[in-house]
Amino acid sequence: MTKEGKLIIFSAPSGAGKTTIVHHLLTKFPELEFSISATTRKARGDEQPGKDYYFISKEEFLHRIAKKEFVEFEEVYSGTFYGTLRTEIDRIWKKGKTVIFDIDVEGGLHLKKKYDGNALAIFVQPPSLDVLIERLTARATDSKEKLKERFIKAEKELNYAPQFDIILKNYDLQTACNEAEELVRNFITKN
Ligand code: 5GP
């Protein structure tokens with residue numbers, strides 16, 4: 001059995017800026033390591049397999065669900081699965097590091113329940129739904145249909161904020177990154 005370590009969960013609707021904040025924290029804290037999720041979606045832009053995600057087929061994903069290899073998984077968008085492999089958390093804990101997650105809101109709450117006591121769950125709050133929609137549209141990597149699905153999901157997810165340990169406002173990216181650093185520093189240094 002791997003000795004349990006700590007987990008820091010960043011959740012938010014797509015477009016709230018959590019990926020940018022998580023990447024920033026990874027450059028600041030060598031004690032952190034990113035939990036690479038498995039997904040059935042195709043790689044976007046300069047995403048790299050085994051760095052941003054483990055890109056796997058739907059067939060393999062379903063097979064791994066059946067083998068109970070995931071600590072949590074979700075069909076985040078219709079037909080597209082995302083999940084955290086148990087081996088991924090163990091891999092990071094074995095190094096004595098804290099796991100940091102960039103995960104959707106329901107997945108984040110699952111992990112918080114499962115690892116309560118060892119976990120800090122942070123909800124990244126965008127200034128408004130309108131701003132979120134603007135950011136998602138500007139990203140322009142998705143089809144119109146997929147974008148609409150992301151908007152609908154984002155609106156629903158904003159309501160989950162109070163269930164997290166902390167709500168981190170991302171109205172200004174630099175301020176949000178500074179605040180995130182402070183939160184992480186306090187969490188990883190406490191016993
Ligand atoms: P994207 O396709 O934009 O990379 O991710 C879509 C959403 O899925 C984001 O909110 C992202 O944080 C979330 N996500 C990424 N990995 C996981 C995971 O392992 N589990 C769950 N539940 N959501 C994930």
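Along the sequence shown, residues carry numbers from 1. Computed over heavy atoms, backbone and side chain alike; hydrogens, waters and symmetry mates excluded. Each ligand, and each atom within it, is numbered from 1 in the order the structure gives.
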**Student:** Whether E33 and R91 form a salt bridge (side-chain N of Lys/Arg under 4.0 Å from carboxylate O of Asp/Glu) is what I want to check.
**Tutor:** yes

**Student:** Are any of the side-chain nitrogens in D104 or K153 under 4.0 Å away from the carboxylate oxygens of its partner?
**Tutor:** yes

**Student:** Could you tell me, atom by atom, which parts of ligand 1 come under 4.0 Å of a heavy atom of T84?
**Tutor:** 19 (O)

**Student:** For atom 21 (C) of ligand 1, what's the nearest protein heavy atom and its distance?
**Tutor:** I103 CG1, 3.3 Å

**Student:** Flag the pair E72 and K114 as a salt bridge only when some basic side-chain nitrogen lies within less than 4.0 angstrom of an acidic carboxylate oxygen.
**Tutor:** no

**Student:** Once you restrict to heavy atoms under 4.0 Å, what part of R41 touches ligand 1? Side chain, backbone, both or neither.
**Tutor:** side chain

**Student:** Provide, to 0.1 Å, the distance between atom 7 (C) of ligand 1 and the closest protein heavy atom, together with that atom's residue and name.
**Tutor:** V76 CG1, 3.9 Å

**Student:** Specify side chain, backbone, both or neither for D102, according to which of its non-hydrogen atoms lie closer than 4.0 Å to ligand 1.
**Tutor:** both

**Student:** With heavy atoms of S14 as the reference, note each atom of ligand 1 found under 4.0 Å away.
**Tutor:** 3 (O)

**Student:** Side-chain contact, heavy-atom cut-off 4.5 Å: Y82 with Y77?
**Tutor:** yes

**Student:** Pull out every atom of ligand 1 sitting under 4.0 Å from any heavy atom of R44, numbered as shown with elements.
**Tutor:** 1 (P), 2 (O), 3 (O), 4 (O)

**Student:** Among all protein heavy atoms, pick the one closest to atom 9 (C) of ligand 1 and tell me residue, atom and distance.
**Tutor:** K18 NZ, 3.7 Å

**Student:** Transitive ILVMFWY cluster of I92 at side-chain heavy atoms under 4.5 Å: who else is in it?
**Tutor:** L7, I9, V71, I89, W93, V99, F101, I103, L111, Y115

**Student:** Tell me whether the count of non-hydrogen atoms from other residues, nucleotides or ligands lying under 6.0 Å of CG in D46 goes above 12.
**Tutor:** no

**Student:** So N178 and Q174, do their side chains get closer than 4.5 Å, heavy atoms only?
**Tutor:** yes

**Student:** Could you see which bit of E72 sits under 4.0 Å from ligand 1, with heavy atoms only: side chain, backbone, both or neither?
**Tutor:** side chain

**Student:** With a 4.0 Å cut-off, would you call K148 and E145 a salt bridge?
**Tutor:** no

**Student:** Quick test: of every protein heavy atom, which one is nearest to atom 23 (N) of ligand 1, and how far off is it to 0.1 Å?
**Tutor:** D104 N, 3.2 Å

**Student:** Do E47 and R41 come close enough that some side-chain heavy atom pair is under 4.5 Å?
**Tutor:** yes

**Student:** Counting non-hydrogen protein atoms only, what is the nearest one to atom 2 (O) of ligand 1? Give residue, atom name and distance.
**Tutor:** Y82 OH, 2.5 Å

**Student:** Which of these, V76, L62, I56, sits in a side-chain contact (heavy atoms from CB on, under 4.5 Å) with F81?
**Tutor:** L62

**Student:** Counting only heavy atoms, tell me which of A154, S37, G15 gets closest to atom 17 (C) of ligand 1.
**Tutor:** S37

**Student:** List ligand 1 atoms under 4.0 Å from G107, heavy atoms only on the residue side.
**Tutor:** 22 (N)

**Student:** Mind checking whether Y77 contacts ligand 1 via backbone (N, CA, C, O), side chain (CB onward), both or neither, at a 4.0 Å heavy-atom cut-off?
**Tutor:** side chain

**Student:** What part of Y53, side chain from CB on, backbone N/CA/C/O, both or neither, has a heavy atom under 4.0 Å from ligand 1?
**Tutor:** side chain

**Student:** At under 4.0 Å between heavy atoms, is it the side chain or the backbone of R150 that contacts ligand 1, or both, or neither?
**Tutor:** side chain

